[in-house]
Amino acid sequence: MSKKIICLFDVDGTLTDPRQVIKSNMEKYLLETVKKEFDIAIVGGSDIEKIKEQLGGSNLFEKYNYVFAENGLVAFKHGNPLPSQNIQTAIGEESLKDVINFCLRYISELELPFKRGTFIEFRTGMLNISPVGRNCTKEERLFFYEYDLENQIRQKFILALKKEFPNLALTYSIGGQISFDVFPTGWNKTYCLRHIEGYDEIHFFGDKTMEGGNDYEIYESDLTIGHCVNGPEDTINQLNVLIEFTKQKPLQKTN
Ligand code: M1P
């Protein structure tokens with residue numbers, strides 16, 4: 001009997017360009033080719049509204065068997081919400097306030113070529129911190145990304161947070177271009193795996209699989225078979241290989 005497989009995809013850099021809408025060839029390929037062979041699911045670091053913008057609005061839930069936003073802290077199976085937890089209960093209001101105040105002070109003293117708005121996005125299971133501000137345009141986003149590569153703005157910010165709060169069990173994770181996520185340790189993308197049941201294999205596809213990236217833990221997890229991709233086209237190539245491989249008949253033993 002053939003194995004029951006589910007393919008679980010990161011969003012930015014795996015199914016789409018960072019924070020962009022999925023291209024029609026990718027969506028067609030997923031829905032018409034991959035879905036014939038395997039179940040499909042997504043796990044993003046972003047909140048559910050951003051994932052809907054990128055992957056197809058309200059009928060998102062018809063396309064994917066599972067949809068996991070915020071690493072799975074916000075989770076849906078066939079469109080039905082699954083149990084969730086929030087960051088304020090996990091770390092406590094006082095500690096959370098201290099972290100937010102520290103970030104606001106740090107950002108206010110940070111010298112950057114420009115700043116925009118929405119520096120802290122408060123989500124269900126995480127804070128998303130953007131030194132430049134989430135309201136920047138696509139061009140400004142790309143500029144900041146290059147500037148950050150040269151100047152390590154986010155890395156230095158994370159080091160300052162770790163130094164200030166050595167006793168808080170928080171993880172700092174860079175998943176995109178202009179921000180980083182802060183969440184209780186353990187609430188990385190492996191969180192979503194507790195919701196997936198009934199498969200022989202879970203194949204995870206992600207681009208930020210190096211240590212410190214937000215796909216690292218789930219890519220390395222014993223519960224998944226990890227595929228490291230370098231963009232949407234590579235995701236398609238690696239899926240083609242997986243489809244071919246699963247179609248091959250098991251080798252016959254010869255005497
Ligand atoms: O999905 C990866 C990341 O996407 C966004 O990052 P950025 O805006 O910095 O490119 C955010 O939604 C972030 O939370 C998420 O991890």
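Start at 1 and go down the list; that is how both ligands and their atoms are numbered.
- Where the criterion is an N or O separation shorter than 3.5 Å, residue side chain and backbone included, Asp10 fails it with respect to ligand 1.
- At least one N or O atom of Arg123 sits closer than 3.5 Å to an N or O atom of ligand 1.
- For ligand 1, the atoms sitting less than 4.0 Å from at least one non-hydrogen atom of Ser46 are 1 (O), 4 (O), 5 (C), 11 (C), 12 (O), 15 (C), numbered in the order shown with element in parentheses.
- Polar contact with ligand 1: absent for Gly175 (N/O pair, distance under 3.5 Å).
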Self-check item: Full working for salt bridge (Lys or Arg N to Asp or Glu O under 4.0 Å) between Arg123 and Glu70
Solution: CA-CA 8 Å; Arg123 300 180 179 166; Glu70 300 189 34; 5.3 Å; no
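- Remark: Lys77 fails to qualify as a cation-pi partner of Tyr66 under the 6.0 Å distance and 45° angle criteria applied to the six-membered ring.
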Self-check item: Stepwise side chain to side chain contact (heavy atoms under 4.5 Å, CB included) test for Ser173 and Asn71
Solution: CA-CA 11 Å; Ser173 173; Asn71 298 346; over 6 Å; no
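- Taking every non-hydrogen atom of Ile178 and a distance limit under 4.0 Å, the qualifying atoms of ligand 1 come out as 7 (P), 8 (O), 9 (O), 10 (O).
- In the hydrophobic clustering, where aliphatic and aromatic side chains (Ile, Leu, Val, Met, Phe, Trp, Tyr) are joined below 4.5 Å either directly or transitively, Leu149 groups with Tyr145.
- Within the 4.0 Å heavy-atom criterion, neither part of Asp47 lies near ligand 1.
- Of all protein heavy atoms, the one closest to atom 9 (O) of ligand 1 is Ser179 OG, 2.6 Å.
- Ligand 1 has at least one atom lying under 4.0 Å from a heavy atom of Arg134.
- Residue contact check: Arg141 has heavy atoms under 4.0 Å from atoms 7 (P), 8 (O), 10 (O) of ligand 1.
- Between Arg19 and ligand 1, a contact under 3.5 Å exists for no N or O pair.
- Nearest protein heavy-atom contact of atom 16 (O) of ligand 1 is Asp181 OD2, 2.6 Å.
- Tested against His227, the residues Phe205, Phe204, Phe9 include a single ring-ring contact (aromatic ring centres under 6.0 Å, His included) partner, Phe205.
- With a heavy-atom cut-off of 4.0 Å, Asp12 touches ligand 1 through its side chain alone.
- The pair Lys97-Glu94 meets the salt-bridge criterion, since a charged nitrogen lies less than 4.0 angstrom from a carboxylate oxygen.
- In terms of hydrophobic clustering, with Ile, Leu, Val, Met, Phe, Trp and Tyr side chains grouped at heavy-atom distances under 4.5 Å, Tyr199 and Tyr219 are assigned to a common cluster.
- The line from CG of Leu82 to CZ of Phe76 is 8.5 Å long, rounded to the nearest 0.5 Å.
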